[in-house]
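Since the structure comes first, as structure tokens, the remarks are kept for the end.
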Number of protein chains: 2
Amino acid sequence: MAQKIKLSTIAESLGLSTATISLALRDSPLVAADTRERIKEQARAMGYIYNRRAASLRTSRSGIIGVVVHDIMNPFYGEILKAIESELDRRSHTFILSNHYDSVEKQRSFIEMLLQLGGDGVIMSPAIGTPIEDVELAENNNMPAILVARQMEGCDLPTFRGDDSYGISLATNHLISLGHRTIAMVGGTDQTSTGRDRYQGYVNALRKAGIEVDPELRLPGPRSMQAGFDAAVDFLSLPQKPTAAVCWNDLVAIGFMNGIARAGLLAGRDISVTGYDDLEEASIATPALTTVWNGQEEVGRLAARALLDKLADSHALDGLHLIKPEMRIRQSTGPVRPRS
Amino acid sequence: MAQKIKLSTIAESLGLSTATISLALRDSPLVAADTRERIKEQARAMGYIYNRRAASLRTSRSGIIGVVVHDIMNPFYGEILKAIESELDRRSHTFILSNHYDSVEKQRSFIEMLLQLGGDGVIMSPAIGTPIEDVELAENNNMPAILVARQMEGCDLPTFRGDDSYGISLATNHLISLGHRTIAMVGGTDQTSTGRDRYQGYVNALRKAGIEVDPELRLPGPRSMQAGFDAAVDFLSLPQKPTAAVCWNDLVAIGFMNGIARAGLLAGRDISVTGYDDLEEASIATPALTTVWNGQEEVGRLAARALLDKLADSHALDGLHLIKPEMRIRQSTGPVRPRS
DNA sequence: TAATTAAATTAAACCGTTTAAACGAAGCAT
DNA sequence: ATGCTTCGTTTAAACGGTTTAATTTAATTA
């Protein structure tokens with residue numbers, strides 16, 4: 001690198017002022033068409049690199065969007081991220097990603113970092129126990145926030161997520177219609193809105209079918225494949241001998257199917273298993289997993305769009321936006337067969 | 001937000017100069033201890049937010065590290081990223097993530113974006129066909145690059161990856177020692193250094209055992225679960241009737257095992273299957289997958305460390321750094337059984 | 001030809017930090 | 001007193017763009 005090329009370098013080489021260069025490079029109609037072309041050509045030839053931080057210092061727009069979720073390696077969030085990415089890409093924004101692993105501190109330090117970098121906005125799936133002040137910190141400093149996948153109590157920010165209660169009731173009803181009466185719920189926690197909603201959907205579906213709800217049939221736990229795998233042991237030793245399991249998500253369900261397979265049981269024949277999310281993995285699993293499509297792409301796309309719209313005209317789209325889940329019936333569920 | 005709090009706001013409120021405030025907040029010994037405390041307290045009270053882009057405009061250090069890989073949703077990269085993240089976190093750097101999906105254009109526009117943002121450095125797993133100029137673009141603009149997982153021809157940048165040739169030969173030898181003689185290789189491509197190395201390792205192991213190499217037994221393809229699933233059909237219709245498959249990675253292997261399961265075949269009993277990477281999924285799969293640990297965490301950690309060291313003292317650690325893979329034997333491989 | 005208007009370009013202020021150099025006050029030795 | 005340090009703080013000039021009012025140049029009209 002001989003020397004740093006900046007606006008003034010180009011300006012001198014062309015005998016113009018930096019103002020003209022700046023305007024030309026941004027296609028301002030203020031500068032004559034041929035001058036503009038000449039400038040652009042020269043910029044290219046000199047290998048000019050636009051200095052965003054200098055610009056954003058003046059304009060207070062950085063083109064940076066922050067995204068923070070529980071765990072980007074979780075395919076569920078992965079699919080949301082992919083949708084966000086492609087939407088932001090099209091509108092030439094950069095995004096900065098982070099995991100919070102449900103640590104409120106990690107999440108807050110991400111928000112602070114983003115503020116320091118001059119982030120234009122943030123899309124977040126709030127960590128469990130996020131205090132309202134943490135999102136207000138963002139909003140108060142002129143950095144709008146959008147929530148995805150999870151909701152926050154007493155918070156009117158634009159929120160996009162699937163209708164969990166409805167989605168789980170779809171899965172539960174499907175099992176009931178196959179004749180199952182003793183249905184366990186595997187995985188999940190009461191600490192998130194999602195967790196409460198899903199349990200509620202399960203409870204509602206059972207009640208509606210006149211089935212008594214047995215709290216013992218709920219096996220809460222983490223939302224990982226490993227957790228599903230481990231939960232199989234507990235499930236199999238339940239005295240009520242459930243014939244079906246509504247799993248928290250596809251990862252838990254796949255882990256669970258593998259877990260019961262170790263005991264020689266086959267999902268769909270011996271025990272019916274449903275997942276949630278309809279990840280790519282679901283249709284490949286053996287047996288192919290019956291699950292509920294949760295509209296991840298939709299959530300990501302709408303959230304990104306909402307944020308960019310808000311930045312453009314600050315038309316707030318506050319409040320909750322629910323995406324309607326859909327049933328995907330495959331081979332992991334089947335007619336009830338009594339367990340010995 | 002009443003008004004934007006900046007150094008000068010604090011300075012005025014305290015009857016000091018911005019210089020003192022700036023120095024105090026960064027714990028400079030130049031300012032008296034009690035003044036410093038007074039300043040820090042006031043900054044906290046006023047809700048001051050450090051403006052990094054203003055600072056970095058002056059210092060030309062942004063604290064931003066870019067990371068670009070093929071696909072962050074791929075757990076293999078996910079594990080590398082996790083290691084990079086935790087290393088950068090400890091040294092208070094922010095990282096910006098991107099997928100290139102093996103598009104050279106997407107990768108270049110990421111590098112350009114990063115330069116505009118004033119990124120301090122970049123860690124990349126180069127897209128297939130990356131021209132040397134693209135990494136030079138970074139280096140020439142004072143943004144050091146580190147390569148992970150993939151190598152680039154004729155490029156002496158610090159590169160961290162597993163020893164693929166050796167790793168695959170471990171897997172192949174394991175199968176040979178179980179009596180297998182007709183071993184297919186499933187997935188992968190010749191277009192990456194990794195691809196060539198792995199095929200070479202497979203070929204070497206076979207030759208060393210006196211087994212003739214049959215090019216027909218190679219089934220190249222994408223490196224996804226779906227691809228492994230699909231490859232099972234081709235595998236089963238090979239005239240040579242292989243008894244084992246060395247799969248490109250764990251995802252391909254898991255897909256493959258599911259694929260042959262659809263034909264009623266069980267990995268480890270009817271056909272031996274090896275994976276590569278030793279992802280979390282591998283030990284949960286049914287049957288548990290025999291695979292090769294590829295040191296993802298190691299790669300990520302070392303790469304991040306190398307970059308930060310380079311930034312600190314620009315001691316270049318150029319050249320290739322190979323991590324030695326290790327065998328993980330589980331249930332998806334077993335003694336040869338002739339296929340009918 | 002002068003006056004008027006439109007088009008193209010520029011000067012200068014500004015964004016919020018950092019930092020080298022300068023400064024004033026106090027303490028100390030001479 | 002005088003000069004010499006030391007300590008704590010301030011001044012002022014960057015950093016590399018954007019923006020608006022002002023100015024120059026060119027085109028049009030009377």
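Keep in mind that what you see is a predicted model, and the values were worked out from it rather than measured. Protein chains get the first letters and strands the later ones, always in sequence-line order, with residue 1 at the start of each.
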Exercise for the section: Examine the side chains of R150(B) and T192(B) and answer whether a donor and an acceptor come within less than 3.5 Å of each other. Expected result: no

Practice task
Report the residue (L23(A) or K6(B)) whose heavy-atom-nearest nucleotide on DNA chain C is the more 5′ of the two.
Solution key: L23(A)

Practice task
Establish, with yes or no, whether the OP1 or OP2 oxygen of dT18(D) is under 4.0 angstrom from a side-chain nitrogen or oxygen of R26(A).
Solution key: yes

Practice task
Give one of base, sugar-phosphate or nothing for L16(B), where a contact means two heavy atoms less than 4.0 Å apart.
Solution key: sugar-phosphate

Fill in the blank from the handout: Rounded to whole Å, CG of L30(B) lies from C1' of dT6(D) at a distance of 13 Å

Practice task
Give T20(A) one of three labels, base, sugar-phosphate or nothing, depending on what nucleic acid heavy atoms sit under 4.0 Å from its own.
Solution key: base

Problem - Non-hydrogen side-chain atoms of Y77(A) and H70(A) separated by less than 4.5 Å - result: yes

Exercise for the section: Report the nucleotide, chosen from dT19(D), dT17(C), dG17(D), that has the shortest atom-to-atom distance to any side-chain atom of Y48(A). Expected result: dG17(D)

Practice task
Tell me what T35(B) touches on the nucleic acid: a base, only sugar-phosphate, or nothing, going by heavy atoms under 4.0 Å.
Solution key: sugar-phosphate

Problem - Any side-chain heavy-atom pair of L117(B) and I64(A) under 4.5 Å - result: yes

Practice task
Identify which nucleotide among dG16(D), dA11(C), dT10(D) has an atom closest to any side-chain atom of A19(A), counting heavy atoms from C-beta outward.
Solution key: dA11(C)

Exercise for the section: Would you kindly say whether S86(A) and R90(A) are connected by a side-chain donor-acceptor distance under 3.5 Å? Expected result: no

Practice task
Scan S60(B) against the nucleic acid and name what it touches under 4.0 Å (heavy atoms): base, sugar-phosphate only, or nothing.
Solution key: nothing

